[in-house]
Amino acid sequence: MTPPGTPKLFQPIQLGGITIPNRVVVAPMCQYAAVDGVMQPWHIQQIGSQAASGYGLVILEATGVEPIGRISPACPGLWNDEQEAVLKSLVDGVRTYSDAKLGIQLAHAGRKASTDMPWIGPHYITPENGGWETVGPSPISFNGTWPAPKEATVEDIQRIVKAFGDAAKRSDRAGLDLIEIHATHGYLLHEFFSPLSNKRSDAYGGSFENRARIILEVVAAVRANFAKDKAVGIRITGSDWDEGGVTPDDAAKLAVLLKEAGIDFLHVSSGGLTSTQKITVGPNYQVSFAHTVRKAAPGVPVMAVGMIVTGTQAEQILQDGQADMIALARAVLDEPRWVWRAAEELGVSDFQVHPRFARATPKTWPGYKLKSAPLANAAE
Ligand SMILES: Cc1cc2nc3c(=O)[nH]c(=O)nc-3n(C[C@H](O)[C@H](O)[C@H](O)COP(=O)(O)O)c2cc1C
């Protein structure tokens with residue numbers, strides 16, 4: 001039972017068949033640490049720490065459903081037994097100490113695949129250097145510099161839809177609670193959805209319904225291969241921030257179709273489709289998109305994400321009815337135990353931390369107050 005007066009951020013929520021203990025989500029974050037698509041010790045410590053810190057849900061990074069669907073050669077994949085076995089051992093390990101729900105983002109990077117790690121540079125990697133030829137809805141380069149992708153044939157589309165279904169089956173066997181389908185940030189499913197990157201004239205291009213077709217096929221394939229008592233959601237784009245691209249109204253229309261398809265949650269992000277986008281990043285910069293989508297698909301829980309930094313800010317979004325959950329990326333990298341601070345900020349008195357951390361909470365550690373006080377006070 002949630003005590004009366006508990007802030008919304010710390011109330012549980014139901015997504016499909018699973019109950020998330022609170023509404024703070026660790027957003028998927030590429031680690032560029034996999035080898036041949038297999039997760040490594042880096043992933044164990046990163047996901048392990050997040051799961052031990054009290055977040056309700058941790059969503060593992062964009063994971064390629066086929067080799068050419070990875071963003072970079074260092075991104076994880078889920079198309080073979082070794083990748084599945086390592087993922088399973090990670091999940092099993094985390095379960096021994098954490099009640100956090102664990103999700104995975106299944107992805108295909110489309111025309112933005114085969115790139116280098118961001119700290120080396122956003123370069124396309126040629127096949128001679130360990131990269132590969134990319135695939136997309138139409139042969140249009142992302143930025144005029146990277147090669148145009150091969151235009152996907154209907155057989156390619158069928159293979160990719162099946163690959164999403166197969167990866168969902170592997171996710172299920174690996175013990176994950178939730179799948180998030182990646183349909184934003186300019187990757188393959190988003191490329192099909194946006195009229196800026198999709199110029200096809202077949203059943204997968206042209207009209208709104210045709211551009212949404214592959215997304216709905218992927219949802220059906222994932223749903224059919226993931227346990228019914230778990231959750232399947234999707235991260236969509238609220239805006240392309242570019243003329244002629246996806247608008248919040250398009251996102252709302254898509255949300256209606258996704259609700260009909262039985263999606264368990266919607267996660268609303270934006271951008272990344274074109275190099276000409278004019279994006280304005282600031283506090284809550286994507287929250288209005290989440291709100292638009294939430295109004296269009298009532299009853300489907302919606303996650304908001306993007307420059308949400310304080311507990312009060314997160315709680316206000318929920319109180320205003322703009323979203324049902326809050327996802328954080330950079331705030332968690334900056335402060336892995338962000339959720340403790342938010343609990344303190346919002347006056348949650350019964351927030352349970354892992355016993356191994358119990359001596360360092362805002363309540364038990366006198367030093368906590370000094371963190372935000374001028375250092376001179378420390379001597380007093
Ligand atoms: C290091 C890093 C890696 C990311 N990788 C992914 C990813 O794998 N999938 C995805 O959908 N978004 C990814 N994102 C975007 C975040 O999930 C999030 O939407 C974005 O950073 C805005 O939220 P924030 O302001 O809380 O950081 C990544 C962001 C960061 C900082």
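Everything quoted here is computed from the prediction, not taken from an experiment. As the structure lists them, so they are numbered: ligands from 1, and atoms in each ligand from 1.
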Quick one about T2 and Q11 (side-chain donor to acceptor, distance below 3.5 Å, no hydrogens or angles considered), yes or no?
no
Determine whether the side chains of D156 and T153 contain a donor N or O and an acceptor N or O closer than 3.5 Å.
yes
Give a yes-or-no answer on whether the side chains of S53 and R337 include a donor-acceptor pair shorter than 3.5 Å.
yes
Between E151 and S138, does any side-chain donor sit less than 3.5 Å from a side-chain acceptor?
no
Any protein N or O within less than 3.5 Å of an N or O in ligand 1? List each pair with its distance, or say none.
residue, atom, partner, partner atom, Å
ligand 1, 5 (N), C30, N, 2.7
ligand 1, 8 (O), C30, N, 3.3
ligand 1, 8 (O), A62, N, 3.1
ligand 1, 9 (N), Q105, OE1, 2.7
ligand 1, 11 (O), Q105, OE1, 3.4
ligand 1, 11 (O), Q105, NE2, 2.9
ligand 1, 11 (O), H182, NE2, 3.2
ligand 1, 11 (O), R235, NH1, 2.6
ligand 1, 12 (N), R235, NH1, 2.9
ligand 1, 17 (O), P28, O, 2.9
ligand 1, 17 (O), R235, NH1, 3.1
ligand 1, 17 (O), R235, NH2, 3.3
ligand 1, 19 (O), R235, NH1, 3.4
ligand 1, 19 (O), R235, NH2, 2.9
ligand 1, 25 (O), M307, N, 2.6
ligand 1, 25 (O), R330, NE, 3.4
ligand 1, 25 (O), R330, NH2, 2.6
ligand 1, 26 (O), A329, N, 2.9
ligand 1, 27 (O), R330, N, 2.9
ligand 1, 27 (O), R330, NE, 2.6

Quick one about T361 and W340 (side-chain donor to acceptor, distance below 3.5 Å, no hydrogens or angles considered), yes or no?
no
Between D320 and H291, do the side chains contain a donor N or O and an acceptor N or O under 3.5 Å apart?
no
